[in-house]
Undergrad: 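Questions regarding the structure given below will be posed in turn.
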Amino acid sequence: MSDIDNRFSVMIPREEVEKRIKELGAEISRDYAGKEIHMICVLKGGVYFMTLLSREISEDIPVSLDFMSVSSYGNEMKSTGIVKIVKDLDEPLQGKHVLVIEDIIDSGRTLHYLLGILKDRQPASLKLCTLLDKPDRREREVKVDYTGFVIEDKFVLGCGMDYQQQYRNLPYIAVVES
Ligand code: IMP
Ligand code: MG
């Protein structure tokens, strides 16, 4: 049993999350008409969102997937915004229309660093799609192309987001009461 059991409540219900993901899928399908999409999932949080979103992309648009896992260095390194690549992509990005999929953008450190690395690999285009955005917490500038929901500065769970590696599987977005 986790110490936060019974201390969280629904912030965005499942139906609303699913509806918004459908809308994002339609918007992305319009924007990428006539192209192919290479989705990059930032593990582990992005995995649920990427799976659901990819199923909402028009069948006319070929979609391929790849996965990357990153982790922040210790505290003193964190201030430089450097993150460590724990698992790199399997495929090169050159010439591809790359869409990075994240669960949530908080300080922006992870994505700021990651997008820099990915850009150097010369994709045809590079865009970012996040399920949630907490802009109040931003420390590094990140250009977000597609956002599911903008939320206030609260710790959230579910739809891929965890508390001590648990609760990622909740089909709704929950907020932890403080
Ligand atoms: P950033 O580098 O601060 O933007 O870190 C973003 C990462 O921190 C996300 O990909 C999540 O893994 C994690 N994170 C940030 N806020 C939350 C939250 O409210 N709940 C769960 N994970 C979070
Ligand atoms: Mg994440």
Side-chain angles (χ1 to χ4, degrees), residues 1-14 16-18 20-21 24 28 38-54 65-89 93 98-120 126-178:
M1 280 280 257
S2 160
D3 56 354
I4 63 154
D5 275 356
N6 306 320
R7 278 211 292 126
F8 57 85
S9 57
V10 178
M11 178 191 248
I12 306 172
R14 176 181 188 154
E16 247 181 83
V17 173
E18 290 172 356
R20 185 67 190 122
I21 294 176
L24 284 172
I28 291 167
H38 190 58
M39 287 191 176
I40 292 181
C41 170
V42 184
L43 292 169
K44 304 171 183 153
V47 78
Y48 289 87
F49 180 40
M50 183 175 82
T51 306
L52 294 170
L53 179 66
S54 62
L65 313 173
D66 206 346
F67 299 86
M68 196 163 192
S69 182
V70 296
S71 74
S72 296
Y73 276 102
N75 273 344
E76 68 275 14
M77 295 297 285
K78 230 180 152 190
S79 63
T80 64
I82 293 176
V83 297
K84 188 172 91 174
I85 296 177
V86 178
K87 184 223 171 292
D88 205 341
L89 299 169
L93 299 183
V98 171
L99 183 60
V100 176
I101 311 292
E102 250 289 40
D103 50 355
I104 184 164
I105 302 176
D106 189 30
S107 71
R109 288 179 189 284
T110 311
L111 263 294
H112 181 86
Y113 179 77
L114 197 61
L115 291 174
I117 291 177
L118 299 181
K119 208 173 166 189
D120 287 346
L126 179 62
K127 284 189 174 186
L128 171 62
C129 178
T130 186
L131 180 59
L132 297 182
D133 190 359
K134 282 198 252 186
D136 295 347
R137 300 253 306 168
R138 202 70 94 252
E139 293 170 30
R140 291 281 188 284
E141 195 186 318
V142 177
K143 183 176 175 287
V144 188
D145 299 285
Y146 304 98
T147 305
F149 303 92
V150 174
I151 60 163
E152 52 184 320
D153 179 13
K154 297 231 165 111
F155 193 81
V156 290
L157 302 170
C159 298
M161 287 162 293
D162 71 303
Y163 173 72
Q164 296 183 352
Q165 296 301 329
Q166 295 179 323
Y167 304 102
R168 293 187 195 275
N169 58 304
L170 298 180
Y172 51 89
I173 292 166
V175 59
V176 180
E177 321 283 355
S178 47

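Side chains included, hydrogens not; waters and symmetry mates left out as well; all remaining heavy atoms used. The first residue of the sequence shown is numbered 1, and numbering continues consecutively from there. For ligands, and for the atoms within them, numbers begin at 1 and follow the listed sequence.
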Undergrad: Between the candidates D103, V156, D106, which shows the shortest non-hydrogen contact distance to atom 10 (O) of ligand 1?
TA: D103
Undergrad: Is there any N or O on L157 that sits under 3.5 Å from an N or O of ligand 1?
TA: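 In fact, backbone or side chain, L157 has no N or O that close.
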Undergrad: Which atoms of ligand 1 have any heavy atom of E102 under 4.0 Å away?
TA: 10 (O)
Undergrad: For the ring pair Y167 and F8, is the centre-to-centre distance below 6.0 Å?
TA: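 They qualify: ring centres under 6.0 Å apart.
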Undergrad: With heavy atoms of T110 as the reference, note each atom of ligand 1 found under 4.0 Å away.
TA: 1 (P), 2 (O), 5 (O)
Undergrad: Is the shortest distance from a Lys or Arg side-chain nitrogen in K143 or D145 to a carboxylate oxygen in the other one below 4.0 Å?
TA: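 Result for this pair is yes, salt bridge flagged.
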Undergrad: Among the heavy atoms of K154, does any lie under 4.0 Å from an atom of ligand 1?
TA: yes
Undergrad: Identify whether the distance between the nearest side-chain nitrogen and carboxylate oxygen of D133 and R138 falls below 4.0 Å.
TA: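 Salt bridge: yes.
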Undergrad: Report yes or no: does a heavy atom of H112 sit under 4.0 Å from some atom of ligand 1?
TA: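 False for this residue.
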Undergrad: Taking R7 for the side chain and E177 for the main chain, is one N or O donor matched with an acceptor at less than 3.5 Å?
TA: yes
Undergrad: With K119, which of L126, L114, V98 fulfils side chain to side chain contact (heavy atoms under 4.5 Å, CB included)?
TA: L126
Undergrad: Give the atom numbers and elements of ligand 1 that come within less than 4.0 Å of a heavy atom of D162.
TA: 21 (C)
Undergrad: To the nearest 0.5 angstrom, please state how far the CD1 atom of I104 sits from the CG atom of L131.
TA: 8.5 Å
Undergrad: Tell me the closest heavy-atom pair linking F49 and L24, and the distance in Å.
TA: CZ-CD1, 3.9 Å
Undergrad: Taking only heavy atoms of K134 into account, list the atoms of ligand 1 that are under 4.0 Å away from them.
TA: 16 (N), 17 (C), 18 (C), 19 (O)
Undergrad: In this structure, does ligand 1 have an atom that sits under 4.0 Å from one of the heavy atoms of G45?
TA: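 Outside the 4.0 Å threshold, so no.
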